[in-house]
Number of protein chains: 2
Amino acid sequence: MSKTLHHGLLLLRVLSEQQQGLTVSELADAISVHRTVAHRLVRTLEAHQLCRRDHQRRIVLGTGLVSLAEPVQQDLRALARPVLDELAESTGATAHLLVQEGVTQMRALMVVEPRGALVHVSFRPGQTHPIEQGSGGVAVLAHGPYREGERAEVTEARAKGYAVTTGEVIPAVTGVSAAVPSGNGTAAASIGVSVFEYTDLDQLGTRVARAARSLGELLG
Amino acid sequence: MSKTLHHGLLLLRVLSEQQQGLTVSELADAISVHRTVAHRLVRTLEAHQLCRRDHQRRIVLGTGLVSLAEPVQQDLRALARPVLDELAESTGATAHLLVQEGVTQMRALMVVEPRGALVHVSFRPGQTHPIEQGSGGVAVLAHGPYREGERAEVTEARAKGYAVTTGEVIPAVTGVSAAVPSGNGTAAASIGVSVFEYTDLDQLGTRVARAARSLGELLG
DNA sequence: AGGCGGTGTGCGATATTCGCACCACCTGTG
DNA sequence: CACAGGTGGTGCGAATATCGCACACCGCCT
């Protein structure tokens with residue numbers, strides 16, 4: 001593992017968690033390197049437009065990152081867009097696409113908020129949470145074979161075709177998700193909705209499951 | 001400038017331009033380093049989830065990038081979202097938010113496509129082009145003082161309040177943009193629409209200019 | 001003036017990286 | 001079946017890029 005690159009990437013992570021901007025000294029402290037080291041790293045990041053100085057000369061993330069992030073899972077996102085749009089519109093709830101990250105985490109890749117809904121759940125793409133928690137991870141786990149000691153919610157989701165959890169990722173918010181099947185039988189993604197409250201859970205579940213299936217078919 | 005970090009960031013850029021995936025050897029050739037060096041850099045990037053192996057073991061960008069890119073210009077994007085939505089909806093054209101990058105470039109930060117339009121322009125956020133070309137850059141230049149030898153389009157845009165160019169960024173596409181004023185009189189961003197053809201250019205211009213002004217007021 | 005906190009820059013010591021050599025694996029081929 | 005040619009991965013000594021001290025500068029406040 002490259003130490004210098006590692007430190008540079010740590011800087012980016014620190015910057016992404018503190019969007020109000022940081023000084024070089026603060027960055028150096030945050031990743032436990034000498035101030036001059038952080039300074040040289042920042043210069044390099046600036047040259048790639050991954051960070052810049054704001055109006056107060058504090059260091060913030062740069063717009064080059066949107067260019068880098070755009071192609072990430074481009075095919076999946078392009079296909080998921082209309083599916084999520086339709087799901088958000090028909091349910092009036094916030095629809096999301098999650099992908100498995102490693103073996104223990106799920107990451108939000110897309111979030112589509114419904115138009116016209118007076119109140120709806122809102123959260124940002126990029127967020128991660130343990131795969132055992134939340135309806136998306138449960139749905140992905142339920143798409144795999146039965147595992148000794150799995151959560152009851154996983155077993156139930158395998159039977160029903162969709163997963164439901166409440167308050168595990170966002171307090172007081174209920175998630176309803178289904179796994180997106182990929183060609184070889186595995187599932188590394190889920191589609192779902194997040195709601196504050198619901199009336200007909202089963203109807204929500206079948207709609208989510210249908211959206212997940214249709215995305216799976218689009219993926220081939 | 002840190003050489004190792006520089007090389008790692010070059011790898012990310014190469015990966016972002018070739019989304020079909022690359023091998024370690026190809027990456028090494030692309031940035032002119034030894035294969036083992038590229039290998040070590042890739043390992044470090046993988047550890048930060050900035051790249052991963054796809055189903056064919058080829059190296060592609062990782063989802064960690066969406067977490068890093070999310071907070072970029074978060075305040076500006078959050079405020080611009082409803083303005084762009086309204087602009088795209090009312091004009092039936094693709095609306096975009098561009099920001100100045102350095103002194104010579106403009107970068108697309110947001111693109112909102114109209115809903116329900118049968119045909120519309122589509123392009124990806126993150127793209128950059130010279131500030132002299134395209135309506136967005138012209139609008140930003142026109143917001144500044146008169147400069148000797150500036151393009152006629154800039155002078156005209158300063159008089160009209162919005163800029164119009166055709167085929168300078170995307171062939172056969174006409175852009176109509178206005179600068180987003182920021183508090184201290186400078187403009188580092190523009191709002192605009194892209195159309196294949198238009199009927200009432202002046203109406204389009206006034207709508208764009210109104211959207212840009214309203215975003216400027218939101219920014220304070 | 002003087003202290004303080006931040007930024008930026010040479011430069012020598014040394015820790016880090018470089019890149020060769022080597023091994024393992026897969027695949028198509030004579 | 002042996003072999004060539006491609007990729008992936010790993011020790012390890014030599015080379016070099018990095019580290020971090022020391023110094024200078026700037027703006028701000030007391």
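The figures that follow rest on heavy atoms only: side chains count, while hydrogens, waters and symmetry mates do not.
- Proximity of B:S2 to the phosphate of D:dA17: no side-chain N or O atom is located under 4.0 Å from OP1 or OP2.
- Legend: residues meeting side chain to side chain contact (heavy atoms under 4.5 Å, CB included) with A:E156, ordered by chain and number and at least two apart, are A:K160.
- For A:M1 and C:dC18, the CE to P distance is 14 Å, given to the nearest whole Å.
- Taking every heavy atom of both residues into account, B:A78 and B:P82 meet most closely at O-CD, 3.3 Å.
- One distance of note links CG of A:L97 with CZ of A:R77; it measures 9.0 Å at 0.5 Å rounding.
- In this structure, B:Q56 atom CD and D:dG6 atom P are separated by 19 Å, rounded to whole Å.
- Between the NE2 atom of A:H7 and the P atom of C:dT16 there is a distance of 9 Å, rounded to whole Å.
- Shown for residues 30-53 of chain A: residues whose heavy atoms fall under 4.0 angstrom of DNA chain C, namely A:R35, A:T36, A:H39, A:R43, A:R53.
- Remark: nothing in residues 9-18 of chain B comes within less than 4.0 Å of DNA chain D through any heavy atom.
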Requested in this report: Apply salt bridge (Lys or Arg N to Asp or Glu O under 4.0 Å) to A:E101 and B:R52, showing your working.
Outcome: CA-CA 10 Å; A:E101 182 75 58; B:R52 64 181 181 88; over 6 Å; no

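- Distance, B:K3 NZ to D:dT18 P: 7 Å, rounded to whole Å.
- Listed here is the closest heavy atom pair of A:V121 and A:E113: O-CG, 4.4 Å.
- In A:R53, the CZ atom is crowded: over 12 heavy atoms of neighbouring residues, nucleotides or ligands sit closer than 6.0 Å.
- Side-chain atoms of B:H34 and B:H39 include no donor-acceptor pair closer than 3.5 Å.
- D:dG27 atom C1' lies 15 Å from atom CZ of A:R58, rounded to whole Å.
- The residue among A:I59 and A:T4 whose nearest nucleotide of DNA chain C is located toward the 5' end is A:I59.
- Using a 4.0 Å cut-off between charged side-chain N and carboxylate O, A:R207 and A:E86 make no salt bridge.
- In this structure, A:L5 places its CG atom 17 Å from C1' of D:dC19, rounding to the nearest Å.
- Note that CG of A:L68 and CG of B:L15 are 9.5 Å apart. Values are rounded to the nearest 0.5 Å.
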